[in-house]
Peer 1: 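Starting off with a structure, shown below.
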Amino acid sequence: MPELSDIRTRAVLPISTVIALTDLTARQIRYYEAQGLLHPLRTPGNHRMYSLKDVDDLVEIHSQLAAGFSLAELRDAQKQPKPKTKLSDEEVRAALRSELLNQGRLNPRGDSPTQGFGFRP
DNA sequence: CTTCTCACA
DNA sequence: TGTGAGTA
C-alpha cells in the first residue's frame with residue numbers, strides 16, 4: 001500500500017493527462033523540462049511519466065512566466081532553500097507577546113490600548 | 001494510437 | 001512556440 005505522502009510524488013501520469021489538467025501544450029511541458037524546471041521519470045520506452053506535484057509545479061511555473069519571470073530565474077530560485085514560511089508555535093507566541101508589550105509605544109495616536117484586555121501578556 | 005526527438009517555408 | 005517528419 002502506497003504511503004499518502006508518496007501519492008503526490010509518484011510519477012504515474014502520461015503527458016496527455018498533464019495536458020488535460022494544465023491546459024499547457026506538450027511543447028511547453030517538454031520545453032520547461034529542457035530548461036531544468038522538471039524531472040519527470042521515463043518509462044522503459046522513454047515516455048515521460050508525471051506526478052501530481054509535477055502538475056502543480058507546471059501550473060505554478062506558467063503563472064510565474066506570465067508574471068514576467070524567465071525560465072532561468074525560476075530554475076535558480078527553485079534550487080535555493082525556501083525562506084522559512086512556517087513559524088513554530090513558540091515563535092508565534094513570542095512574536096505576539098512582544099507585540100502586545102509594545103503596543104503603547106508603537107501606537108501612532110499614543111493611546112493606552114493595554115487597558116481592558118482581561119489578561120496580562 | 002500516443003509519445004519522442006529533431007528540424008525549420 | 002508551433003508543427004510536420006519518421007520512430008519506438
Side-chain angles (χ1 to χ4, degrees):
Chain A
M1 185 89 74
E3 296 293 326
L4 271 60
S5 57
D6 289 348
I7 296 179
R8 184 182 257 352
T9 57
R10 298 181 67 173
V12 295
L13 315 174
I15 196 168
S16 57
T17 300
V18 177
I19 291 171
L21 259 31
T22 65
D23 284 323
L24 293 174
T25 65
R27 183 77 162 90
Q28 293 175 304
I29 296 170
R30 297 187 185 119
Y31 184 59
Y32 298 163
E33 177 189 348
Q35 299 310 302
L37 286 113
L38 285 182
H39 307 291
L41 265 38
R42 295 299 184 104
T43 66
N46 200 37
H47 285 194
R48 277 168 262 249
M49 294 299 278
Y50 301 84
S51 68
L52 292 173
K53 181 175 185 304
D54 289 328
V55 173
D56 283 347
D57 290 344
L58 282 168
V59 171
E60 177 61 23
I61 289 170
H62 113 267
S63 72
Q64 292 289 270
L65 289 175
F69 289 94
S70 69
L71 290 172
E73 292 175 318
L74 296 182
R75 174 163 46 65
D76 298 332
Q78 207 171 52
K79 288 275 179 178
Q80 283 147 9
K82 300 175 182 177
K84 181 174 288 187
T85 283
K86 293 182 179 178
L87 296 173
S88 66
D89 289 347
E90 290 65 39
E91 291 173 310
V92 172
R93 281 192 277 272
L96 176 57
R97 177 160 47 79
S98 174
E99 182 61 29
L100 290 172
L101 287 171
N102 287 303
Q103 275 189 12
R105 273 172 286 179
L106 297 178
N107 190 317
R109 287 159 50 195
D111 325 346
S112 300
T114 53
Q115 295 298 313
F117 269 79
F119 71 96
R120 287 175 301 187

Peer 1: Nearest 0.5 Å, what's the CD-CD distance between Q78(A) and E60(A)?
Peer 2: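 Here the rounded value is 10.0 Å.
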Peer 1: In whole angstrom, what separates L41(A)'s CG from dT3(B)'s C1'?
Peer 2: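 Going from CG in L41(A) over to C1' in dT3(B) covers 16 Å.
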Peer 1: How close do P14(A) and Y50(A) get, heavy atom to heavy atom, and via which atoms?
Peer 2: C-CD1, 4.4 Å
Peer 1: Which residues within residues 57-73 of chain A lie with some heavy atom under 4.0 Å of an atom in DNA chain C?
Peer 2: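 Those residues: none at all.
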Peer 1: Kindly work out whether a path of hydrophobic side-chain contacts (I/L/V/M/F/W/Y, heavy atoms less than 4.5 Å apart) joins F69(A) to L24(A).
Peer 2: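 Linked within one cluster.
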Peer 1: Step by step, work out the side-chain contact (heavy atoms from CB on, under 4.5 Å) result for Y32(A) and L74(A).
Peer 2: CA-CA 10 Å; Y32(A) 298 163; L74(A) 296 182; over 6 Å; no
Peer 1: CD of Q35(A) versus C1' of dT1(C): gap in Å, rounded?
Peer 2: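 Spelled out: CD on Q35(A) to C1' on dT1(C) is 12 Å.
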Peer 1: Is a donor on one side and an acceptor on the other found under 3.5 Å between the side chain of S98(A) and the backbone of A94(A)?
Peer 2: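 Between the backbone of A94(A) and the side chain of S98(A) there is no qualifying donor-acceptor contact (under 3.5 Å).
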Peer 1: Would you check if the side chain of Q80(A) reaches a backbone N or O of A77(A) as a donor-acceptor pair within less than 3.5 Å?
Peer 2: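 Side chain of Q80(A) to backbone of A77(A): no pair is present.
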Peer 1: Check the distance between dC4(B)'s C1' and I19(A)'s CD1 and give it to me in whole angstrom.
Peer 2: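 My rounded result for the distance is 13 Å.
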Peer 1: Looking at the side chain of Y31(A), which of dT2(B), dT1(C), dT5(B) is the nearest nucleotide?
Peer 2: dT1(C)
Peer 1: Identify the stems formed by DNA chain C, where each pair is Watson-Crick or G-U wobble with both distances under 3.5 angstrom and a stem is at least 3 consecutive pairs.
Peer 2: B:4-8 with C:2-6
Peer 1: Over how many whole Å does the gap from I29(A) atom CD1 to dT3(B) atom P extend?
Peer 2: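 Distance, rounded to whole Å: 10 Å.
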Peer 1: If I take atom CZ in residue R30(A) and atom P in nucleotide dT5(B), what distance separates them, rounded to the nearest angstrom?
Peer 2: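 Rounding to the nearest Å, CZ of R30(A) and P of dT5(B) are 7 Å apart.
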Peer 1: Of the options dT3(B), dT5(B), dT1(C), whose atoms approach the side-chain atoms of N46(A) most closely?
Peer 2: dT5(B)
Peer 1: Residues in salt bridge (Lys or Arg N to Asp or Glu O under 4.0 Å) with D56(A), at least two apart?
Peer 2: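 Here the qualifying residues are R8(A).
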Peer 1: Quick one: is dT3(B) close enough that its OP1 or OP2 comes under 4.0 Å of any side-chain N or O from R48(A)?
Peer 2: no
Peer 1: Summarise protein proximity over nucleotides 2-8 of chain C in one line of letters, 5' to 3': B for base, S for sugar-phosphate only, - for none, counting protein heavy atoms closer than 4.0 Å.
Peer 2: BB-----
Peer 1: What residues form a side-chain hydrogen bond (donor to acceptor under 3.5 Å, both in side chains) with R30(A), not counting sequence neighbours?
Peer 2: none
Peer 1: What residues, two or more places apart in sequence or in another chain, satisfy side-chain hydrogen bond (donor to acceptor under 3.5 Å, both in side chains) together with S51(A)?
Peer 2: D54(A)
Peer 1: Please give me the minimum heavy-atom distance between L38(A) and E33(A), naming the atom from each residue.
Peer 2: O-CG, 3.5 Å
Peer 1: Quick one: does any side-chain atom of R42(A) pair with a main-chain N or O of M49(A) as donor and acceptor, under 3.5 Å?
Peer 2: no
